[in-house]
Amino acid sequence: VQLQASGGGLVQAGGSLRLSCAASGSAFNFYHVGWFRQAPGKERDFVAAVYWRATNTNYANSVKGRFTISRDNAKNTVYLQMNVLKPEDTAIYYCAARLRSYPADSTVYVTADRYTYWGQGTQVTVSS
């Protein structure tokens, strides 16, 4: 599967952005998807993830209540709605995917090393 992240940009603090992660390839509905971000000079950190059936999600504490991850399997797309953005949210945002391990796999993976496929990243800059 190939992933294409988009929707980044420059926004003032308190504003909103919606990122999209579009996937090509078949059976995307069987993939878990996560969003990660990397600020200059820092490691890549977990932001949010959604289980392949979209019934389970997980968020980093720093974004809980502000960001929402969702997916539209009919469109092979996962979204990250980001509200009340803060300057510390400035980073390159990456989406990643991994195939479910087994049919009943409901795990929401939160570490980068558990993901197999990565998009190219989209820059989000929040000005104060």
Side-chain angles (χ1 to χ4, degrees):
V1 65
Q2 292 183 320
L3 305 175
Q4 178 77 33
S6 62
L10 173 64
V11 64
Q12 288 188 332
S16 299
L17 283 173
R18 188 177 80 158
L19 305 184
S20 298
C21 177
S24 60
S26 60
F28 181 65
N29 53 309
F30 294 141
Y31 284 76
H32 305 290
V33 178
W35 284 97
F36 293 78
R37 65 187 182 187
Q38 188 166 18
K42 296 188 176 181
E43 295 186 351
R44 190 169 298 189
D45 291 331
F46 169 73
V47 176
V50 61
Y51 157 59
W52 66 277
R53 281 187 173 175
T55 53
N56 289 356
T57 57
N58 202 334
Y59 297 91
N61 287 335
S62 59
V63 307
K64 277 182 182 177
R66 300 188 298 122
F67 290 12
T68 303
I69 189 170
S70 62
R71 66 190 299 162
D72 184 340
N73 285 337
K75 296 183 177 180
N76 275 12
T77 303
V78 171
Y79 304 99
L80 184 68
Q81 178 66 45
M82 306 187 297
N83 298 328
V84 195
L85 282 161
K86 304 176 181 180
E88 52 263 43
D89 295 319
T90 295
I92 299 175
Y93 283 70
Y94 299 89
C95 61
R98 62 164 286 149
L99 184 64
R100 65 179 185 175
S101 298
Y102 47 91
D105 181 9
S106 62
T107 305
V108 180
Y109 298 92
V110 300
T111 56
D113 60 353
R114 303 305 300 272
Y115 288 85
T116 311
Y117 304 98
W118 289 83
Q120 85 291 358
T122 185
Q123 176 71 49
V124 172
T125 303
V126 185
S127 63
S128 57

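Just so it is clear, the values below take in all heavy atoms, side chains as well, and ignore hydrogens, waters and symmetry mates. Since we're looking at a predicted model, the values are computed, not measured.
Side chains of R98 and Y115: no donor on one and acceptor on the other come within 3.5 Å.
Remark: side-chain polar atoms of Q120 are paired, donor with acceptor, to backbone N or O of A5 under 3.5 angstrom.
Side-chain atoms of W35 and F67, non-hydrogen and from C-beta on, never get closer than 4.5 Å to each other. Side-chain contact check for R37 versus S62: some heavy-atom pair is nearer than 4.5 Å. Looking only at side-chain heavy atoms (C-beta outward), D89 and M82 stay at 4.5 Å or farther from each other. Taking 4.5 Å as the limit, some side-chain heavy atom of Q81 sits within range of a side-chain heavy atom of S16. Counting heavy atoms from C-beta on, the side chains of T90 and Q123 come closer than 4.5 Å. Using a 4.5 Å cut-off on side-chain heavy atoms (C-beta onward), S101 and Y109 make contact.
The side-chain contact (heavy atoms from CB on, under 4.5 Å) test with Y51 singles out one residue from N58, V108, T57, V33, and that residue is V108. The side chain to side chain donor-acceptor pair (under 3.5 Å) with H32 is formed by just one residue from the set T116, T107, D105; it is D105.
Cation-pi contact between R71 and F28: present, with separation from the ring centre below 6.0 Å and deviation from the ring axis of at most 45°. Cation-pi geometry between R44 and F36 is not met at under 6.0 angstrom from the ring centre and within 45 degrees of the axis.
Atoms CZ and OH, on R66 and Y59 in that order, are 12.5 Å from each other to the nearest 0.5 Å.
Scanning both residues, Y93 and L19, for their nearest heavy atoms gives CB-CD1, 3.6 Å.
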Given the rule in the side-chain contact (heavy atoms from CB on, under 4.5 Å) test, do V78 and L80 qualify, once you have shown the distances and angles that lead to the verdict?
-> CA-CA 7 Å; V78 171; L80 184 68; over 6 Å; no
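The number of heavy atoms from other shown groups lying within 6.0 Å of CD (Q2) does not exceed 12.
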